[in-house]
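Here's the structure, in structure tokens; my notes come after.
Each chain gets a letter, A, B and so on, in the order the sequences are listed, and its residues count up from 1.
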Amino acid sequence: MLDTDLNLDTVTGLRASLRTGDTMMLARLWCSGWGTGWHGMWMDWLCSGPSMEPTIQNSDVVFAENLSRHFYGIQRGDIVIAKSPSDPKSNICKRVIGLEGDKILTNSPSDFFKSRSYVPTGHVWLEGDNLQNSTDSRYYGPIPYGLIRGRIFFKNFPCLINFHELLYTFLHCSCWHICTLFIWMILPIKNRGMVTLFSSQRKKKPPNER
Amino acid sequence: MAQSQGWVKRYFKAFCKGFFVAVPVAVTFLDRVACVARVEGASMQPSLNPGGSQSSDVVLLNHWKVRNFEVQRGDIVSLVSPKNPEQKIIKRVIALEGDIVRTMGHKNRYVKVPRGHIWVEGDHHGHSFDSNSFGPVSLGLLHAHATHILWPPERWQKLESVLPPERLPVQSKEA
């Protein structure tokens, strides 16, 4: 009984907030959602291109977390999203093959002799899984660590949905707004005499009603 | 007794509500719009830190201006050091992509700045760890544009985007 009361009151609270124009709070939450959480700590990416097959296929959606790069926890073998060294507005998705100080075998398919070089300090060596069809550090050299944006930790299942660019953009924006709106709805702003998260009414709820 | 406890509880709730909204908003602002930073080192003398270690300048760093990676020759910018990702360095932009620079102390006498890269140098040549040491830097490492000196008060000024005439690129892309 009290569960439904809580839901009704929260929705009434939402509508009451909209009436009184509680947009200031929504604006503040929008800012918080932007910097932290979605976009700040983790982000979803739509991958296109064949350079990471078979691990990541064309039009896969992956989720990358941004905390590892801040704590310098990127390891060899991680798949990372980084800013492209030749175009800062586009991003690349590759696997970390070598960290600073590692010895790397560098040879393009046309070279006969294999050459070795060391990854300089503050740089990483990236390679795509699909070596024949990947433009990576073998082409533009090691990239600075500061260009790494996040480490991929989760991939969706592409066989379920084939993501089109527009559909992805729509889902990306709505996920973020839905998260913000959800936080806005469950966070009591002004106590208008309704059930709040810390209210004593919840404590009085009899245990056999669960 | 019950009333004083109620007061503490209400205060605590209000504090939590304010805290969990104020902190992310502040973090977002400082990370995306603008922040201040103290400049250390002598690599940008005499523009910044002319007094050396006696008094460090505090500059206003504008992230918003570089959100699209648009910089001009002569801007003073802060960027993530390509040799040490934990460190930010503050230097002046000398050349943009496509320019040919005459280097000072680099292994090659002339360098063409590749696409998506810039050439940065400190004003105090010889005492600066800049592109003459590590080559052109990728624009993705750009952190902020230093626009004003905020402290000490006698050094309040807007930092101008001037390029020393002897450091003009040998050939620029528009030419």
Separation between [atom1] of [X] and [atom2] of [Y], rounded to the nearest 0.5 Å:
| X | Y | atom1 | atom2 | result |
| --- | --- | --- | --- | --- |
| B:Lys83 | A:Glu100 | NZ | CD | 9.5 Å |
| B:Asn84 | A:Thr121 | CG | OG1 | 8.0 Å |
| B:Leu139 | A:Lys83 | CG | NZ | 9.5 Å |

Greater than 12 external heavy atoms within 6.0 Å of [X]'s [atom1]:
| X | atom1 | answer |
| --- | --- | --- |
| B:Phe12 | CZ | no |
| B:Arg167 | CZ | yes |
| A:Lys103 | NZ | no |
| B:Gln72 | CD | no |
| A:Phe153 | CZ | yes |

So A:Ile143 and B:Ser138, side-chain contact (heavy atoms from CB on, under 4.5 Å) or not? Walk me through it. CA-CA 9 Å; A:Ile143 69 159; B:Ser138 177; over 6 Å; no
Exercise for the section: Check whether any side-chain heavy atom of A:Tyr140 sits under 4.5 Å from a side-chain heavy atom of B:Pro114, and report yes or no. Expected result: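 The answer is no, as the side chains (C-beta and beyond) never meet within the 4.5 Å cut-off.
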Open item on the list: If I compare all heavy atoms of B:Gly140 with all of A:Pro88, which pair ends up nearest, and what's the gap?
Closed with: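 Between these two residues, the closest heavy atoms are N-CB, 3.7 Å.
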A:Tyr72 and B:Pro85 have their tightest heavy-atom pair at OH-O, 3.5 Å
Contact list (residues 146-154 of chain B to chain A, heavy-atom gap under 4.5 Å, by number) returns none
Per-residue tally against chain A (heavy atom, under 4.5 Å) across B:His143, B:Arg115, B:Glu97 peaks at B:Arg115
